[in-house]
Amino acid sequence: MRQLFHSRNLSFELFDVDILSATDEELQGVSDDAGLALSTDEMKMIRSYFETNGRNPTDVELQSLGQAWSEHCCYKSSMVFLREYLTSIDSDAVIDRGDAGIVEFDEDHAYALRIESHNHPSAVEPYGGAATGIGGIIRDVLCMGAQPVALIDPLHFGPLDLRYRDLPPGVKHPRYLMGGVVSGIRDYGNRLGIPTVSGAVIFDEGYIGNIVINVGCVGIAKKKNLTKNRVKTENDVLILVGGRTGRDGIHGVTFASVELTEDMEEQWRGGAVQLGDPILKEPLIHACLEAAERGLLNGMKDLGGGGLSCVVGEMALAGGFGAEVELEKVPLKEEGLAPWEMWVSESQERMMLAVAPENVEKILHIFKLYDVLATPVAKVIKDKIVRVKYHGEVVLELDLEFLTAGPEYCRDYATDFESMKQSEAVPDEPEDYHKAILDVIASPNIASKEWVIRQYDHEVRGSTVLKPLQGKIGLACHGDAVVLKPLESSNRCLAVTTSSTPHYTAIDPYLGGASAVDEMCRNLVSVGASPHSFSNCLNFGNPEKSDRLGAFRETVRGIGETAMALGLPTPSGNVSFYNETSFAPVKPTPVLLGVGIVDDLAKCVTTDFKMEGSSILLIGETKEELGGSEYYSLNGAYSSTVPSVDLNTLKSGMKGILTSIDDGLLLSCHDISHGGLAVAVAEMCLGGSVGAELDLTGIPNLRFDHKLFSESNTRWLVEVDSGNEDRVLSRFGDIWVRRMGTVTSDTLSIKDNGSSIEIPLDDVREAWTNTLYNLLGGGA
Amino acid sequence: MRIEDVKVCVLYIEGTNCEEESYWSFKRLGASSEKVHLKQLIGSDVNEDEKRNLLDYDIVMIPGGFSSGDYVRAGAILGARVKSSLVIELVEFGKEGRPILGICNGFQVLVELGLLPAFNGFMSPVPQVALATNDSAKYECRPSLLKHENHGNCVFTKNLPKEKVILVPVAHTEGKFVLPQSKEQEMLRKMEEMDMIVFKYVDPEGNYAGYPWNPNGSLENIAGICNAEGNIFGMMPHPERVFYQYQHPDWTRKSARKDGDGKVIFESVLEYVTKTF
């Protein structure tokens, strides 16, 4: 299609692209050749726009449209569902829904939250892909005027012990990918000094071809410093601050908006993955926050997907104006970039500030002190157009409403999932229960994540009040949520957790979505936090295939209806489609980042058992819901009955736990999730370095192994002082609750109808501790 | 002098990232604490009202982080920058007995500068010890237990009883204290004679234990040292992260309402300064 590209006779590269005379086939060819990832119909919409204007587009204009209309930027396949179920959940606490959501924290402060994906870059270049994922999510929080205070990284990989001969062509081994991703997060996050406090690591064969790497960030701001992602007045100057612009990260968003293919390595060499520089980002954060604190900003937005091409138009239009850019002013990493490359490059560590003319000098001074580049590159104009000049030549002039609106689709979707379901395959009861329990505890999805957690600085800033590992020092075990104290002068805290439920969503998308909300809420109340808001990252396959889109829609409905019933807003989110290769799509993977509020940190509760002799209570009904469970998956069994959610049970369960914690009645509390009751009690024993004696006979109508490993929602194990049982049990209304046993010294002992298991705590610890070290190496 | 008159300079550049909690550790005790960019002390790219003079301060603290990214060797770049621009003032500052504290990356900087351990004279021309890559070859973020080994020389631990064990977290990749092998025993003896050893890593029973209690493989479990004069002190663990009990990893097993184990470091030095100057 290069014959349609007519070079202008200039000292730099610029083409007029003859789409007016192009056939439909040639239009698609132009899109493919230029890497626009636009469909023929979308190209036709562009052609008709230029027909009206009586001219052909430049290559810069086509590239700009390719970015703005990508799935990644305009949510063209998902918006219709997000609007119906998620963004419509209203709350007075929500202050802004910008690049990050802004929610009230106290009278004078607000917190920011967002989670997004960095799946495709991390699949080809795990270290750089994950690092720049952190960089991007931090800018989303920063551009709201908020200080980032916590990073959260739920990660999904293929099995670490995958045989090399089972690795599909062009795909990297899960061990390599996990090593690279964790190192990337570690080296970027630790250098920035923002604690990485929470996350999850999930292993499943569904992630062999396409890993799912989500990155979340929470920030805190004085309300007076909150910044909008827009220009404010007709006189605003746009100042580009931070890193130089280069060829790295070109076509990142369009790369993220198609399926991964065998030649993805080539695309990376072509520059689709950006290069991060935390030591530029660190002072950039200081300088931007100082500018916000001094009231010098009319607006701020980060340069992420689509680079300048997205940020300029979006900021200008959000303010009701247009912008004129002098592209030659943009500081470059290397000479010889074509205008379109500068315009769409996604080079890292860049922010755009909208500044009143009288404040420009003050801004430049602040950035100079921090040795961070700051360059006025554009001015606001009255008409809603974006005009880009390069050395005097107009290389782009587009109506902003056309450029940024993008298409929106209600694509076909299929919600008949019966065909996805397999026939029930319930395993025989295990003969060796001792082994059955230790196998689940040692499975990579359940076992200790210390290998990961201790490589991240989770307490820099000194505000991590509840850590990711909780319990006796040197013996600590997984917590349900972390708690951060973001303000010096207040004991009010933010609790942060994640949930990800691909194993259920793959079987029943609606219940998987609902379960993600249930688990998030269980985690937050377990530490004593009231769930307050959440951000969502929805990782799915190709939305142009109706079954993938149907799973998406049902998952969103499950999340939305559950959150709506609880009054939980989700003021930010991200959709990542095209997570598939020619082999298979990923399991539908909804990942939630939940934030809760703790009124007084002194009341926080952790998961570790505190005291021998105290009583263990089980809150919530255990049902035969083993579909998607770790136990079934380990044993090659299958059920389509995944955990269900009952909204009234969830509400009163949360209330019962929260009031018990508020009254100081719970010594420890742990939600029951992946791995079931057996794993929850084992983890509580490990963290407290004690044993437990449970009798499950009181749980009705279930096999012993189902009692141990069912993953029914809305359940907790809590520890109370002996004598306080009734004061806690009476708070749960109709919910099934029962005293299950006692905290003991050094053995995990579980009985049921005459059967009994006794496992020394040391054996439990050995099974739990070593799995990831054995698979990944390390330790001294 | 009165505590509110004690001026603390918390020095930072790009990549220093523990300046906020370090600043507060002095501020909470009533001192006049200030975060100061190196360029404010050197006087480059700053307005008159932003310039600062190092000798106007009573305590200098170099906080943790990854100054300039630590891409060369931890602390080497900031060390070189201070050496090339501020060394005269810094040596004068130290020779007058005014305290200098380096935590984690700050400790690495003091070693790079030759201010610690500084066996011969106040500042050695080249580093005499190294804070090498951890034995685990990984970043280690974990609680550590420190036994106080100093006999009273170090002005930062005067209020801490000898042999008392405190809980202070570590977070670093390069923290393994090593001496040149040929002079190891001689230097160790000298450090003991001159009361330069301040903290050693121990396990919960108080023994000098191996990994993970000695998180990096440090020689003789050494976690922190001071100079012969006792006014310059560096340690790998982060006392500013355990100012309050509720910052301890296991506080829910105890109480949220007490002091953290790191507070004593800041109290000691402030008491020393108020009494001495």
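What you see below is based on every heavy atom in this structure, not just the backbone, and it leaves out hydrogens, waters and symmetry mates. The structure presented is a predicted model; accordingly, all values stated were derived computationally and were not measured.
Neither the backbone nor the side chain of K281(A) comes within contact range of chain B; no heavy atom of the residue lies under 4.5 Å from a heavy atom of that chain. There is no contact between N105(B) and chain A, counting heavy-atom distances below 4.5 Å. Of the atoms belonging to T173(B), not a single heavy atom falls under 4.5 Å from chain A. Contacts between K467(A) and chain B at a heavy-atom distance below 4.5 Å involve the side chain alone, from C-beta outward. Using a 4.5 Å cut-off between heavy atoms, H238(B) does not touch chain A at all. D371(A) touches chain B through backbone and side chain together, each having a heavy atom under 4.5 Å away. For F243(B), no part lies under 4.5 angstrom from a heavy atom of chain A. For I194(A), no part lies under 4.5 angstrom from a heavy atom of chain B. For a residue to count as touching a neighbouring chain, one of its non-hydrogen atoms must lie under 4.5 Å from one of that chain's; by this rule F609(A) touches chain B with the backbone only. With a 4.5 angstrom heavy-atom cutoff, I13(B) touches chain A only via backbone atoms.
Contact count against chain B (heavy-atom pairs under 4.5 Å) is highest for E488(A) among K603(A), Q455(A), E282(A), E488(A). Counting heavy-atom pairs closer than 4.5 Å to chain B, the top-ranked of the candidates K472(A), R186(A), H286(A), M611(A) is K472(A). Ranked by heavy-atom pairs under 4.5 Å with chain A, the list G65(B), G69(B), A171(B) is led by G69(B). With chain B as the partner, the residue from N190(A), L469(A), T606(A) showing the most heavy-atom pairs under 4.5 Å is N190(A). Heavy-atom pairs under 4.5 Å with chain A were tallied for Q40(B), Q245(B), R28(B), H172(B); the largest tally goes to R28(B). For chain A, the option among P169(B), P215(B), P212(B) with the highest count of heavy-atom pairs below 4.5 Å is P169(B). Between chain A and the options S44(B), S68(B), P204(B), heavy-atom pairs under 4.5 Å are most frequent for S68(B). Of the listed residues (L369(A), V483(A), T464(A)), the one with the most heavy-atom contacts under 4.5 Å to chain B is L369(A).
The pair R241(B)-D457(A) counts as a salt bridge, with a side-chain nitrogen and a carboxylate oxygen less than 4.0 angstrom apart. Residues R253(B) and D608(A) are paired through a salt bridge, judged by an N-O separation under 4.0 Å between the basic side chain and the carboxylate.
Within 6.0 Å of CD in E766(A) there are 12 or fewer heavy atoms belonging to other residues, nucleotides or ligands. Counting heavy-atom neighbours within 6.0 Å of K27(B) NZ, excluding the residue itself, gives a total of 12 or less. Within 6.0 Å of CD in E4(B) there are more than 12 heavy atoms belonging to other residues, nucleotides or ligands. Within 6.0 Å of the NZ atom in K368(A), the count of heavy atoms belonging to other residues, nucleotides or ligands does not exceed 12.
Using the six-membered ring where Trp is involved, H37(B) and Y370(A) have ring planes that are perpendicular, over 60° apart on the 30 and 60° scheme.
Heavy-atom minimum distance, W251(B) versus L601(A): CH2-O, 3.1 Å.
To the nearest 0.5 angstrom, I473(A) atom CD1 is 4.5 Å from L167(B) atom CG. Rounded to the nearest 0.5 Å, atoms CG (D277(A)) and CD (E14(B)) are 10.0 Å apart.
The shortest distance between side-chain heavy atoms of E459(A) and E21(B) does not fall below 4.5 Å. Looking at R454(A) and K138(B), their side chains never come closer than 4.5 Å, going by heavy atoms from C-beta outward. Annotation: side chain of Y244(B) is not in contact with side chain of V465(A) (no heavy-atom distance under 4.5 Å).
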What do the steps show when you test Q470(A) against T252(B) for side chain to side chain contact (heavy atoms under 4.5 Å, CB included), and what is the final call? CA-CA 9 Å; Q470(A) 302 172 357; T252(B) 58; over 6 Å; no
Begin from the C-alpha positions of L192(A) and N17(B) and carry the test side chain to side chain contact (heavy atoms under 4.5 Å, CB included) through to its verdict. CA-CA 7 Å; L192(A) 276 188; N17(B) 61 35; 5.9 Å; no
For a side chain to side chain contact (heavy atoms under 4.5 Å, CB included) check, start with the C-alpha distance between D187(A) and Y139(B), then their side-chain angles and the critical distance, and finish with the verdict. CA-CA 9 Å; D187(A) 288 355; Y139(B) 194 89; over 6 Å; no
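For E20(B) (side chain) and R461(A) (main-chain N/O), no donor-acceptor pair under 3.5 Å exists by modelled atom type. In this structure a side-chain-to-backbone donor-acceptor pair under 3.5 Å is present from Q247(B) to G462(A). At distances below 3.5 Å, not a single donor-acceptor pair connects side-chain atoms of R191(A) with backbone N or O atoms of F66(B).
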